[in-house]
Every structure is written in structure tokens, then in C-alpha cells.
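Written below as C-alpha cells is the structure these notes are about.
Index from 1, following the sequence. Only heavy atoms go into these numbers, but all of them, side chains included; no hydrogens, no water, no symmetry mates. Counting starts at 1 for both ligands and their atoms, following the listed order.
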Amino acid sequence: MAELLTGAQMRAIERAAIASGSVTGLDLMERAGAAVVEAIFEEWPDLASGDHTASILCGPGNNGGDGFVIARHLHDRGWTVTAHLYGKAEKLPTDARSNHDLWVAQGPCVPLTDRSAGSVKNMPDLVVDAIFGTGLTRPVEGDAEFVLGNLETVRTDFGVRCVSVDVPSGICSDSGKWLGCCPRVDLTVSFHSEKLAHRLEDADTHSDKVVVKDIGLPHAEQSDERAGYVWMVEPPAARALAKPTQGQKYSQGHALILSGGPGRTGAARLTARGALRVGAGLVTLGVPSKAQAEVASHITAIMQVPIANAEALTELLWDTRLNALCLGPGLGIGDQARGLVEAALPLYRATVLDADALSMFHKAPADLFELCHDRTVLTPHGGEFARLFPDLAAKLAAEPTEGPAYSKVDATRTAAQRAGCTVLFKGAATVMASADGRCSVHSAQYERAAPWLATAGSGDVLAGVITGLLARDMGPMQACEIATWLHTECALAFGPALVAEDIPEQMPDVFRALGV
Ligand SMILES: NC(=O)C1=CN([C@@H]2O[C@H](COP(=O)(O)OP(=O)(O)OC[C@H]3O[C@@H](n4cnc5c(N)ncnc54)[C@H](O)[C@@H]3O)[C@@H](O)[C@H]2O)[C@@H](O)CC1
Ligand SMILES: [K+]
């Protein structure tokens, strides 16, 4: 999996490479600037020939330094380029200053003002935002804020192409939160690896596209170097999902999904369908007696057993072939439902808790955390997360006053440590973390945006897909990673007008496309 870095991690990689003597900071800046120009021409081949005009907005740090390199390279291609400096040249860091000096020997550098991107009469073909990158430490103000806030108008009303260097300026590289302003550009060109900002929060509303360019830095291979990295969820390998040719149904596990009472069984049935389609050998619904007729009229391959109360569940779970459980979808939040959760967790099965099984603990989340273990997975959406972790949710919702700001990754990691289990915090960027610090992000953004997934029952299916993979003996983090990817992929394969029932039914096509 590819890593999603923080600004500090990126700086550490750069420092280590410079300290090894293999490269200088100036080399890296030159490669970064050249890589942005390359990406611009790849994105817009019509700009690769002919004479064009550009405004390069350069900030007070090394992001600005990249901007001066870009100015020089475009000028060398025959472009008419003006650099606009936010800050004072004499205060630029050494490498950025060198590139500033090289540029002013070739072309104009004027102070950045509220008119910097161009005037109505004199709009450039391209604006490059090199004001702030990973070094943004406080909200953007003044002329920079004005110019960045106007990029959207410059793009949409005047057709100017806008490119951000590394991160759209004003966006905190570690959290994706906006600090003072909210630019919108066509393209962001980042270096070496994506930064967390390219995936967290509403990243794809700030930049239509993100391209990562190699600048010759090594990717960490040792586990101590990679400790603390966040990983981006990628398509699963076919072999992770294939069934053994000699296998029988019990070799693929038996998932037990607990259902609510009459009139509330639909959610658990969706969950069960997700578990069955992802390949659990057997799936059984545990159903209160009064709801059995209702459930029976809706299921075929899925089985049901009566579960009247917590004692009945404990007794049923003497059967160790029932190796993965899911409680929550449609379960209810009363004492009876809580008794089921309290009976299930001490039996140390792989257990997914979703929906009602999370909300029922909102008055005393610590009671839940005491029962959770390393085979438990909590799958909250934003509201459920706030019920279980109100302090973390408040910190996450607070408007940041400095960078790096508190992120969804920070919140999910702390939640997992506190609960002592795996936490999957849903959203367009779903963040999952285990208590031992492993963390990954699944991104349903940019070309994988799946807005139709925001539909009733979609989360119930996700809980079922995770449960099914747990039944198939995957560890909690792997099950969460693969389930989120499959869930989004099914939605994309189905297309618009998706409803929750369609998600499991799309699984065969998705599996086939993966080569399973
Ligand atoms: N780390 C690396 O490996 C590389 C970094 N490069 C570039 O360098 C960038 C990072 O450079 P820096 O660390 O100098 O950081 P930035 O260029 O993002 O900016 C830091 C400067 O801005 C000031 N600043 C922060 N917030 C401000 C605000 N709201 N208003 C006014 N001033 C503010 C800081 O005091 C500091 O002077 C990267 O994003 C990338 O573009 C590239 O040159 C290539 C390699
Ligand atoms: K930038």
C-alpha cells in the first residue's frame, strides 16, 4: 500500500536524503519545479507548445522556491511569466532565495497583491499557487487570502487553469482542514507521496485532481522508518478473496448476525446478505421469536435461529464454528439489546459492533470499551463517533487556529487506543485504526467518488461485508480495508440510483474484475 505522509514525515525523508549526501536541497527543489511543469503539460497538452502566459504566486518558504523554479522552466519554454512574491525576498530560506535570484535575472517578480492572479483585461493562461505547502502554521490572511479565495472565480469565469504546488495553499497538509481560506484549483502536483491532506476532509473539493511526482527520494523500507505511517487502501489481491478449491463451507467460517424485533429486521438482513456475498461459508441470523415469520419470508440461503435473550446467545455460542458476529443494525438500544452485546463480547469472537450497538453506550462509553478486545471492530459514522468519543469529535470539529491541525487520523487512532480495538470511522475518507497504532485511509473521492453510497442501509451492508471477511479468518484491519474498498467498488460498478440491496448483488462482477 502507498503511504499518506504528514509534513513532518516528508521533511524527515528529505533531511535523511540530504544528510546521506545523495542529493542537495537545491537539487530537490529543481526536480520538484520541473515535475510540476511536466505534470502541467501532461494535463494540458495544448500548453506544451506555443507561447503562453503565467502568473506564479510564490510564498515565503520552500513552496515559493518551487514556484521560482517553475517560473524559470516555463520562461525557458518561451512563456511570458510574472512571479508574485508574498513576503520579502531577503527572508526566503536559502534554496528558495537562490531560485528567486536566478529568476529575477530572467523575468519580473512583483509583490503579491489582491490583483496578483491577473486583471480582467489581462488574465494569464495559467496560475500557479506556490504560496504555502507543508509549512503552513497559521491561518492565511491579507492579500494571500484574497487571491487564493478568488482562484475559483479566475478558473470558472475566465477559464484560467490553476495549479497548486504540493498542497492547495490554505489547506493544512496533515489534516486537510482549511486554515483561513479554501482555494479551489484544477490540479495539485505533490512530490514523492500523497500527503494526508489530499485524502482527508473534503479534499476533492479543493483540487479536481492530484498527481504525485517522483523526485528521486527513497521510499522507506525498514519497519522502524515506516512506523507511524498511514496507508492508503488499495484494491485487494484476488488471492485474498479466492476460495480454496478443496475447501468446504465450514472452512470459510460461519457468521452470526443478530436481528432486531418485528418490523426492524431489514437492516440485519442486509448485513447478512453482505456477509454471504463476500464469501462467508454460512450466515445465520439470530432472531427474536416474534420476528421469525417476518425473517423467514425474506431469506433463502441465509439461515435463522431463535435468540430470545442474552442467555440464549451465550448458549448458542458454545458452537465454536460460529466464528464471527455482528450486532447493531436494527438491534434496538434497550436493555435486551444491551444484554446481547454484553454477552457477546466476553466470548472473544471476531465481533463487529455497528449502529445501535454503538449508540446504546452513549451515556457511558467506558462500559463498552471495558468489554472490547483486539478482535472487536467498531464502525461508527460521524454521529456515532461523537456519541462514543465526544471529546475527540469536538476537537475534530473545532476550527483550527494553527497547523498542523487535529485530523480524522488523530481522532481515529486515539479512539482505537481508548477502546482497545479496531475503529473504522466512516465517511468519503474512511479512516481505520487498530489499538496498536496501525492506520489506513480508504478514499471514495476524486475518480472513486461514490455519492450514491449515502443511502439507507449502506452501512449495514458494510458491517456485513466486514463480518463475512472476519468469518473467513481475516484480521480486523485487513477485513476493514478490503470491505471498504469492495463496498465502494460495488457502488461504482452499479452506478446511479444505487440502493443498499444492490451493493451485495454487485459483488460477483467486482470479484470477477479483480480476477477472483
Ligand atoms: N520536504 C521536501 O522534501 C521538499 C519540499 N519542497 C517544497 O517545500 C515545501 C515546504 O517548505 P517550507 O517548509 O519552507 O514550508 P512552506 O513553503 O509551506 O511555508 C513556510 C513559510 O511560510 C510561513 N507561514 C506559515 N503559515 C503562514 C501564514 N498563514 N501566513 C504567512 N506566513 C506563513 C512560515 O513561517 C514559513 O516561513 C513543500 O510543500 C514543497 O513544496 C520541495 O522543494 C521539494 C522537496
Ligand atoms: K501550494
Phe425-Phe389 aromatic ring centre distance below 6.0 Å: no
Geometry at the K ion (ligand 2) - Val165 O versus Asn63 OD1 angle, rounded to 10 degrees: 80°
Side chain to side chain donor-acceptor pair (under 3.5 Å) partner of Ser207, the single match among Asp186, Thr188, Asp129: Thr188
Angle subtended at the K ion (ligand 2) by Val167 O and Ser169 OG, rounded to 10 degrees: 100°
Polar contact flag, side-chain donor to acceptor under 3.5 angstrom, Glu3-His219: yes
All salt bridge (Lys or Arg N to Asp or Glu O under 4.0 Å) counterparts of Asp157, not counting sequence neighbours: none
Three-point angle Phe132:O, the K ion (ligand 2), Asp129:O, rounded to the nearest 10°: 150°
Near ligand 1, at a heavy-atom separation below 4.0 Å: residues by chain and residue number: Met10, Glu14, Leu28, Met29, Ala32, Pro60, Gly61, Asn62, Asn63, Asp66, Phe132, Gly133, Thr134, Gly135, Leu136, Thr137, Arg138, Pro139, Val140, Asp166, Phe191, Ile215
CG on Leu4 to NZ on Lys195, rounded to 0.5 Å: 9.5 Å
Stepwise side-chain contact (heavy atoms from CB on, under 4.5 Å) test for Leu126 and Trp44: CA-CA 11 Å; Leu126 177 79; Trp44 297 295; 4.2 Å; yes
Quiz item: cation-pi between Lys209 and Tyr446, 6.0 Å / 45°: no
